[in-house]
Amino acid sequence: MSNLISHSHIWATLKNHQKYLASVQMQDLFALDEQRYENFSVVACDLLLDYSKNRLTKDTLHLLKQLATKANLENWIKELFSGELVNNTEHRAALHVALRNRSNTKITVNGEDVMPNVNAVLAKMRKFSNAVRDGDWLGYTGKRINTIVNIGIGGSDLGPAMVTRALRTYQHPLLQSHFVSNVDSSHLGDILSKIDPETTLFIIASKTFTTQETLLNAHTARNWLIEKLGSDTAVAKHFVAVSTATQKVSEFGIDPVNMFEFWDWVGGRYSLWSAIGLPITVMIGMEQFEELLTGAHELDQHFATAPLLENLPILMGLIDVWYSSFFGTTSQAVLPYDYTLKLFPAYLQQLVMESLGKQVTRDGDLVDYSTCPVIWGAPGNNGQHAFYQLLHQGTQVIPTDFIVAIESNFDLPSAEHQDAVLSNALAQSHALMMGRNLAKTKQKLVDIGIQGNDLAQQLPHRVFPGNQPSNTIIYKKLTPKVLGKLIALYEHKVFVQSVCWGINPFDQWGVELGKNVASTLLPALRTEQDGNIHDSSTNGLLNYIKTYRHK
Ligand code: G6Q
């Protein structure tokens, strides 16, 4: 007897239901139900989710709700919030909700309340970021810090980089920030060429403090600083660390006094709420960071208490399961009509694909259904002049999230800009849903004077099949609080998907593999002898590089 959810009665019912909906046009669903928008939209935590432009009916939602019940979703949510070891392959809790637990209620891991430590680190972050922002933390030569360089990668980079970019209007006017992640010298080298060692503070962010890219970049930055300022003692004034590994931070040469701690129950891609958020607190201040935490906490409470079909992350998660596992969709677009969210798609790529890019269940059984889609996207207006062609006339069903700000964070004298953004966003989701059939297209072409052979030739190229599903998420303005809600919404949506699919969203063995294989190739690259330890392609590439790298 299989434990896979795909062998359950509800799964079979959903499969049959999909067969019926596969041929239904969304525009017909709208025609049949004048209240479709009211029936398929929710406002909660100051976010509007309109999911009416999806290939679903009330029946679909009730079946998906049964799927969630079958997967024991409500119990899993309780376990997540109460510090159970939900990351079963690493025997850890996943307590990002504790990091933003503004109610300060007790949350225990292995019998110990984590909140006193969480609050102590927040207090330390406040003290430090205030000192930098107020000009009290001085560099080695006595100058005030005006540049922050965060060195980290993956979860120790994408979250803080995205948030800092998104909340640019909240930044301290005298501070600028850079995020260095890639190990090729064009990243760090470029930044070092632009900054002043006397006024720069490096934040070395690494949960493990063993990640090759981060440590190499950190060592190079450290050597650069010592060379420029002429003394090892300068390091104490220009380097701080964020990590769970005190000993390794100390070995690197950073005094643990200047280390901001977090814990193994904070997953890398869920860590921006922890001390990994230090560049955020320095750039926008602790009060605004706390607003970010408060927003996320509000969304957490909504997730933990709202009924299933009024619950934003649950609705979004179930809809995503519906498309991936029943419609067989393989990708999903995220299109912010808010340029401050430029880095949000990249951030979500890690959050979603590192969490759900799995092929076995928690019990180790191979799944026989599709799980994680490929996440991609870019700010909406740019996308319209590039890849939207695929959405309008390509061959794939691509569920899309339109993320729309009613007001911009940057005021321009003319209201035209925001009107243009809003009208574009709404027009695109409408057009993707409606499409334009053959008859309407023909009429349109005739109206503009196209006839005869020309008409016959152009007609098939000018038809839009439509029926492309989308969610639209609207908020008033991207404040820190709203951003906190938006991020938490996606975090929990991912959790819902993981529960339905029975997979652990909190491990990342594929990423660990990447770390290990790189270390096996490094010695081979450095020896004079021809490589002969890998497959012929890898050996061939290795030897080609060795032949030409110094010529
Ligand atoms: C995130 C992953 C991964 C990790 C990086 C950096 O969930 O575990 O992206 O964040 O590999 O790891 P360190 O923070 O340990 O350097």
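The first residue in the sequence is number 1, and the count goes up from there. Order of appearance sets the numbers: ligands from 1, and atoms from 1 within every ligand.
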Check your understanding: Which of these, Trp224, Phe202, Tyr140, sits in a ring-ring contact (aromatic ring centres under 6.0 Å, His included) with Phe239?
Key -> Phe202
In a simple table, one pair per line, please give the protein and ligand 1 atom names for every N or O pair closer than 3.5 Å, along with the distance.
| unit_1 | atom_1 | unit_2 | atom_2 | d |
| --- | --- | --- | --- | --- |
| ligand 1 | 7 (O) | Arg269 | N | 2.9 |
| ligand 1 | 7 (O) | Arg269 | NH1 | 2.7 |
| ligand 1 | 7 (O) | Glu354 | OE2 | 2.8 |
| ligand 1 | 9 (O) | Gly155 | N | 3.3 |
| ligand 1 | 9 (O) | Gln350 | NE2 | 2.7 |
| ligand 1 | 10 (O) | Gly155 | N | 2.9 |
| ligand 1 | 11 (O) | Lys515 | NZ | 3.0 |
| ligand 1 | 12 (O) | Thr211 | OG1 | 3.4 |
| ligand 1 | 12 (O) | Lys515 | NZ | 3.4 |
| ligand 1 | 14 (O) | Ser156 | OG | 2.6 |
| ligand 1 | 14 (O) | Lys207 | N | 2.7 |
| ligand 1 | 15 (O) | Lys207 | N | 3.4 |
| ligand 1 | 15 (O) | Thr208 | N | 2.9 |
| ligand 1 | 15 (O) | Thr208 | OG1 | 2.6 |
| ligand 1 | 15 (O) | Thr211 | OG1 | 3.4 |
| ligand 1 | 16 (O) | Ser206 | OG | 2.6 |
| ligand 1 | 16 (O) | Thr211 | OG1 | 2.5 |

Review point. What residues form a side chain to side chain contact (heavy atoms under 4.5 Å, CB included) with Ser82, not counting sequence neighbours?
Key: Glu84
Exercise for review: Examine Phe344 together with Tyr490 and report whether their ring centres are nearer than 6.0 Å.
Suggested key: yes
Which atom pairs, donor and acceptor, lie under 3.5 Å between side-chain atoms of residues 152-171 and protein residues at least two apart or in another chain?
| unit_1 | atom_1 | unit_2 | atom_2 | d |
| --- | --- | --- | --- | --- |
| Thr164 | OG1 | Pro160 | O | 2.6 |
| Gln171 | NE2 | Thr164 | O | 3.1 |

Point to revise | Residues Ser331 and Trp376: side-chain donor-acceptor under 3.5 angstrom | key: yes
List the atom pairs, with distances to 0.1 Å, where a side-chain N or O of residues 312-325 and a protein N or O form a donor-acceptor pair under 3.5 Å, not counting sequence neighbours.
| unit_1 | atom_1 | unit_2 | atom_2 | d |
| --- | --- | --- | --- | --- |
| Asp320 | OD1 | Gln332 | NE2 | 3.2 |
| Asp320 | OD2 | Lys493 | NZ | 2.4 |
| Trp322 | NE1 | Arg55 | O | 3.0 |
| Tyr323 | OH | Asn54 | OD1 | 2.7 |
| Tyr323 | OH | Arg55 | N | 2.8 |
| Ser324 | OG | Asp320 | O | 3.3 |
| Ser324 | OG | Thr371 | O | 3.3 |
| Ser325 | OG | Ser370 | O | 2.8 |
| Ser325 | OG | Trp501 | NE1 | 2.7 |

